[in-house]
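Since the structure comes first, as structure tokens, the remarks are kept for the end.
Hydrogens, waters and symmetry mates are skipped; everything else that's a heavy atom, side chains included, is used. Just so we're on the same page: letters track the sequence lines, and every chain starts at 1.
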Protein chains: 2
Amino acid sequence: MSLRHAILGLLAENPSSGYDLMKRFETSLAFVWPAKQSQVYGELARLSEAGLIEVTGTGARNRREYGITDAGRAELRDWMIGPGSEAAYRSPALLRVFFLWTLQREEGAAYLQEFARRNKARHAFLESLRDGAEWRGDPVQVCEWLALEFGIRASQSSGDWAEWAAEQLTEHL
Amino acid sequence: MSLRHAILGLLAENPSSGYDLMKRFETSLAFVWPAKQSQVYGELARLSEAGLIEVTGTGARNRREYGITDAGRAELRDWMIGPGSEAAYRSPALLRVFFLWTLQREEGAAYLQEFARRNKARHAFLESLRDGAEWRGDPVQVCEWLALEFGIRASQSSGDWAEWAAEQLTEHL
DNA sequence: GAGTACATGTAAAGGGTTACATGATTGG
DNA sequence: CCAATCATGTAACCCTTTACATGTACTC
């Protein structure tokens, strides 16, 4: 149940409303732990009931700001230092690679080239995020930067692989 | 709904029982599209009812072998050449990186070093698979090899990143 | 005044995980 | 004969996705 810990982590940074959290799930966390609006509000209610977060303020338009409680901080820490639950990585894109032999050679190569193109686009996007940001060097931002760098390297590696794979497919199929 | 297409792809290769498929989901597809036993049998029933697969033989211990039908092959092809549904990548490991600032510097560095260790282990494992296999060069195997190579490069890249990140954390936090 | 962004809530459906449940066959 | 493996089925629970539903405040 990592959505719960994602919310706790975000609230450990600063108090936020469901709407604020939702925006962060759509932006900075989009490639790491995407979450929908309905999920966020549901989990906030559950966390609040469990005493891991609490309402710390209200604002216009029915806005409710939540802050993390001491119990919430303890729960977050337990999860952070606990045993790493495994990836359970599911990739429809890679699954198709397994079945590329069911297509014609040119179709398969085209698929891999499209895969390469997308990864290059993502790579360029992530690099632009890194290069466009103002790096103040506070701990929160350092961690964001590390995660961002992961994405940059991963998209680079995936893009390179896909170009190579398209060549291999043309040669060996 | 990619489980459905994973099963169709495997059955396009050769007729198999639920048990056979389950084994493949635990081995070759484990890092790409893992699936549980209960899922496999359920989906087989649904695919059979939809006419995308059919029972092609029976064996000892109540074994039922399914084969893909022409309708199933058409469905598989539609999915293969259709628009790529996006990743929806969820990584608890990377999520923690986002919140590493909540730990002490040494704890964070230790986490990243453990991350590096795991990726190196996976890298070694995947390389041993590649180097231990008998490569006959048939189309099915070429595709498996391409996917395997993806995993090798990804684990390499992740491991390198984690080592680098541990250093950065020590320096910049 | 209209459109956009802010703000929250819930219900239904789909897919994945865990657990229970059962039985047949093979190999040592 | 006993254990491991082969083989299937299903129920409950949890999480995610999609969709519907509603209302407020700001800006042009």
Side-chain angles (χ1 to χ4, degrees), chain A residues 1-8 10-11 15-27 29-50 53-66 79 83 85-92 95, chain B residues 1-8 10-11 15-27 29-50 53-66 79 83 85-92 95:
Chain A
M1 212 202 317
S2 289
L3 172 64
R4 156 162 298 211
H5 300 108
I7 291 176
L8 287 174
L10 291 173
L11 292 181
S16 313
S17 67
Y19 193 83
D20 294 339
L21 294 171
M22 192 188 102
K23 288 291 160 197
R24 292 213 60 191
F25 279 109
E26 282 171 2
T27 54
L29 289 179
F31 295 131
V32 171
W33 205 273
K36 304 283 175 178
Q37 174 259 1
S38 59
Q39 253 182 303
V40 172
Y41 286 105
E43 193 59 41
L44 279 174
R46 259 168 269 136
L47 281 163
S48 182
E49 208 188 347
I53 64 176
E54 61 190 358
V55 177
T56 54
T58 55
R61 300 174 183 116
N62 223 18
R63 177 186 174 91
R64 246 163 308 140
E65 237 174 45
Y66 290 92
W79 176 72
S85 54
E86 257 329 290
Y89 180 56
R90 273 190 181 83
S91 166
L95 182 59
Chain B
M1 212 200 318
S2 288
L3 172 65
R4 156 162 297 211
H5 301 107
I7 292 176
L8 286 175
L10 291 173
L11 292 182
S16 313
S17 67
Y19 194 83
D20 295 339
L21 294 171
M22 193 190 100
K23 289 290 160 198
R24 292 215 58 192
F25 280 109
E26 281 170 4
T27 54
L29 289 180
F31 296 130
V32 172
W33 205 272
K36 305 282 174 177
Q37 176 259 358
S38 57
Q39 252 182 305
V40 173
Y41 285 105
E43 193 60 41
L44 279 174
R46 259 169 268 136
L47 280 162
S48 181
E49 208 189 344
I53 63 174
E54 62 190 355
V55 177
T56 53
T58 56
R61 299 172 183 119
N62 224 17
R63 176 188 174 90
R64 246 163 307 138
E65 236 172 46
Y66 290 93
W79 176 73
S85 54
E86 258 330 290
Y89 179 55
R90 273 190 182 83
S91 165
L95 183 59

Residue whose nearest DNA chain D nucleotide is more 5′ - A/Met1 or A/Gln37: A/Met1
A/Ile7 CD1 - D/dT16 C1' separation (whole Å): 13 Å
B/Ser2 side chain to B/His5 backbone, donor-acceptor under 3.5 Å: no
A/Asn62 CG - C/dA5 C1' separation (whole Å): 15 Å
Nearest-angstrom distance from the residue atom CG of A/Leu21 to P of C/dC6: 14 Å
Heavy-atom closest pair, residues B/Ile7 and B/Val40: CD1-O, 4.2 Å
Length of the line joining B/Glu43:CD and D/dT8:C1', which is rounded to integer Å: 16 Å
Integer-rounded Å distance: D/dA25 P and A/Tyr19 OH: 15 Å
Rounded distance (Å) that lies between atom C1' of D/dC15 and atom NZ of A/Lys36: 13 Å
Short side-chain N/O contact from B/Arg4 to OP1 or OP2 of C/dG16, under 4.0 Å: no
Phosphate OP1/OP2 of C/dC6: any A/Arg64 side-chain N/O under 4.0 Å: no
B/Gln39 side chain near C/dG15 phosphate (N/O to OP1/OP2, under 4.0 Å): no
Side chain of A/Arg90 (C-beta onward), nearest among C/dT17, D/dA7, D/dT16: C/dT17
Options D/dT17, C/dT8, D/dG9, nucleotide nearest the side-chain atoms of B/Tyr41: D/dG9
Closest to side chain of B/Lys23, choosing from C/dT8, D/dT8, D/dC6: D/dC6
Contact nearer the 5' end of DNA chain C, comparing A/Arg61 with B/Arg46: A/Arg61
Check: A/Tyr19 main-chain N/O paired with A/Tyr41 side-chain donor or acceptor under 3.5 Å: yes
Spacing between A/Tyr89 atom OH and C/dG16 atom P, to the nearest angstrom: 16 Å
Touch class at under 4.0 angstrom, heavy-atom based, for A/Ser38 against every strand present: base
Spacing of A/Arg63 atom CZ relative to C/dA7 atom P, expressed in whole Å: 5 Å
Test: B/Glu49 and B/Arg46 ion pair at under 4.0 Å: no
Closest non-hydrogen atom pair, B/Trp33 against B/Phe25: O-CD2, 3.1 Å
